[in-house]
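Read the structure below first, then the notes.
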Amino acid sequence: MTAIGVLPSQTLRQLIAKGQITATAPITEAQVQPASLDLRLGTIAYRVRASFLAGQGRSVASRLAEFEMHRVDLSQGAVLEKGCVYVIPLMESLNLPGDLTAVANAKSSTGRLDLLTRTITDGGTEFDRIAPGYHGPLYAEVCPRSFSVLVRPGMRLNQIRFRHGQAVLDDEALAALHMAEPLVSGEAVIAGGLGFSVDLKPETGDLLGYRAKPHTGVIDLDRIGYYPARDFWEEVRSSDGRIILDPGAFYILVSQEAVTIPPDYAAEMAPYLAMVGEFRVHYAGFFDPGFGHALAGGTGSRGVLEVRCHEAPFVLEHGQVVGRLVYERMTERPDTLYGQAIKSNYQGQGLKLAKQFR
């Protein structure tokens, strides 16, 4: 491979055909996204005492022997309890060549449910980062933060993106791309990526977002459009353009800007920076080629923000910059774009809860 960038859907199919991505059950076309591959839960969940990384030279299996409390059979469906940590072997494994790396992230609906999901590997020293040439199994660490959830084998909570080299756009290249094809509605704030801010002054009404209720029932992740939002969420309303975030609470808010990802690029929400304030924004960080783009039926899509406040109450105000998108080149344009002929739940979105709610 000579092209530098993120691997598109057609190249992912080649990796599967070559046995560089393998699985215990055949990989389906539905798993192949424009710039990533969905990963599937296996049949067993290990309830562990604490989150962990394997560490250099050590396997996840050997660490499970240290931290396992009990095992949960997922084959008939099982509940992952709020506040508990589970490690679940995934169906997929990797046999990567030495010039490919990978990064994993939670899927959109996973993040919107406050279902902290991270990928760990043998020898891994970071969450969600897969070393060049990695050969071995993949595991999901899953910690439900707000709601207990019912899961089954084959469910797709996280996804993996593959890279050849580094093709992140610096600020100069990002500004040039924005001039050629506007990436965001309004003025572009470009500094280490494309900045985005929170919308706390909606054009109509005073609904700013939602806050997770503390004591709710179980959510079956397969039930789409099933649960009344009022049973799980409190509406957050204000007319003065600000809210106070409560420590430990989880919120769904929305960006002020409508974002576009051109077909030849992918983007990732940059990790939380402590300098922004006492909160973390967005667990689910991948934006696929075509998100919000006219070629894929979008007209700019606003980013839904998953926000958790930490130690101290924090005043969040309208227009406050809360994060940034880092853009990367694709090695080539994907054969299918986000929202185009595939079931993309959030194309053209505004303020929107996970797909399980109505």
Side-chain angles (χ1 to χ4, degrees), residues 1 3-16 18 20-23 27-40 90-111 117-121 124 126-134 136-141 156-169 193-194 259 261-271 282-293 296 303 323-339 342 344-346:
M1 185 177 296
I4 301 298
V6 174
L7 273 53
S9 45
Q10 58 269 33
T11 308
L12 298 182
R13 295 188 192 96
Q14 294 173 14
L15 296 184
I16 295 166
K18 293 176 181 176
Q20 293 170 339
I21 305 173
T22 61
I27 296 172
T28 68
E29 183 60 26
Q31 290 175 250
V32 181
Q33 304 300 323
S36 62
L37 180 76
D38 292 348
L39 302 172
R40 298 168 295 175
L90 296 169
M91 292 185 180
E92 288 72 30
S93 297
L94 300 180
N95 300 293
L96 294 183
D99 60 349
L100 287 187
T101 60
V103 58
N105 218 314
K107 288 177 62 66
S108 295
S109 290
T110 307
T117 302
R118 303 184 288 192
T119 300
I120 54 178
T121 64
E126 294 181 273
F127 291 108
D128 287 332
R129 296 295 184 267
I130 290 87
Y134 177 73
L138 299 172
Y139 300 80
E141 179 201 274
R156 297 175 282 165
L157 301 187
N158 57 345
Q159 56 195 336
I160 189 167
R161 180 176 280 181
F162 297 87
R163 295 187 176 111
H164 181 242
Q166 285 295 327
V168 172
L169 272 62
L194 179 68
V259 176
I261 312 297
D264 296 312
Y265 296 85
E268 184 176 1
M269 191 81 80
H282 218 291
Y283 295 110
F286 287 165
F287 286 71
D288 273 340
F291 180 85
H293 195 270
R324 55 201 171 93
L325 279 177
V326 175
Y327 282 70
E328 297 180 78
R329 294 179 183 85
M330 303 292 296
T331 58
E332 60 179 317
R333 181 174 295 196
D335 56 9
T336 303
L337 300 178
Y338 184 91
I342 59 175
S344 303
N345 289 288
Y346 304 113

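When all heavy atoms of Leu96 and Ala131 are compared, the closest pair comes out as CD1-O, 4.3 Å. Across every non-hydrogen atom of Ile130 and Tyr134, the tightest pair is CG2-CB, 3.6 Å.
A heavy-atom distance below 4.5 Å is not found between the side chains of Asp335 and Pro8. Between Ile160 and Val103, the closest side-chain pair of non-hydrogen atoms is not below 4.5 Å. Side-chain contact between Phe291 and Pro34 is absent, with no heavy atoms from C-beta onward closer than 4.5 Å. In this structure the side chain of Arg329 reaches within 4.5 angstrom of the side chain of Tyr265, judged on heavy atoms. Using a 4.5 Å heavy-atom threshold, the side chains of Arg333 and Pro289 count as separate. Contact of the His293 side chain with the Leu337 side chain is not registered, since no non-hydrogen atoms from C-beta on lie closer than 4.5 Å. The shortest side-chain heavy-atom distance between Phe162 and Leu94 falls under the 4.5 Å cut-off. Between Thr119 and Tyr139, every side-chain heavy-atom pair lies at or beyond the 4.5 Å cut-off.
The closest side-chain donor-acceptor pair between Asn158 and Thr117, if any, does not fall under 3.5 angstrom.
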**Request:** Check the pair Leu37, Ile27 against side-chain contact (heavy atoms from CB on, under 4.5 Å), reporting the backbone distance first and the verdict last.
**Result:** CA-CA 10 Å; Leu37 180 76; Ile27 296 172; 4.1 Å; yes
**Message:** Is there a side-chain contact (heavy atoms from CB on, under 4.5 Å) between Asp288 and Arg161? Walk through the geometry before answering.
**Reply:** CA-CA 10 Å; Asp288 273 340; Arg161 180 176 280 181; 3.3 Å; yes
**Prompt:** Should Asp38 and Gln159 be marked as a side-chain contact (heavy atoms from CB on, under 4.5 Å) after you check the CA-CA gap, both sets of side-chain angles, and the distance that decides it?
**Reply:** CA-CA 4 Å; Asp38 292 348; Gln159 56 195 336; 3.8 Å; yes
**Request:** Apply side-chain contact (heavy atoms from CB on, under 4.5 Å) to Ile261 and Tyr338, showing your working.
**Result:** CA-CA 9 Å; Ile261 312 297; Tyr338 184 91; over 6 Å; no
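Although no hydrogens or angles enter the test, the distance criterion places a donor-acceptor pair under 3.5 Å between the side chain of Arg156 and the main chain of Ala30. Using modelled atom types, no side-chain atom of His164 and backbone atom of Leu7 make a donor-acceptor pair closer than 3.5 Å. For Ser9 (side chain) and Pro334 (main-chain N/O), no donor-acceptor pair under 3.5 Å exists by modelled atom type. With hydrogens and angles ignored, the 3.5 Å screen pairs no side-chain donor or acceptor of Gln33 with any backbone N or O of Thr336.
A distance of 9.5 Å separates CG of Asn105 from OG1 of Thr110, quoted to the nearest 0.5 Å. The CD atom of Gln14 lies 11.0 Å from the CD1 atom of Ile21; values are rounded to the nearest 0.5 Å. Expressed to the nearest 0.5 Å, how far CG of Leu138 lies from OG of Ser93 amounts to 6.0 Å. The NZ atom of Lys107 lies 6.5 Å from the OG atom of Ser36; values are rounded to the nearest 0.5 Å.
By the salt bridge (Lys or Arg N to Asp or Glu O under 4.0 Å) test, Asp128 is found to be paired with no residue, residues two or more places apart in sequence or in another chain being considered. Remark: Asn95 engages Thr22, His135 in a side chain to side chain contact (heavy atoms under 4.5 Å, CB included) (not counting sequence neighbours).
For the salt bridge (Lys or Arg N to Asp or Glu O under 4.0 Å) condition, the pairs that include at least one residue of residues 91-102, sequence neighbours left out, are Arg40-Glu92.
The pair Glu328-Arg163 meets the salt-bridge criterion, since a charged nitrogen lies less than 4.0 angstrom from a carboxylate oxygen.
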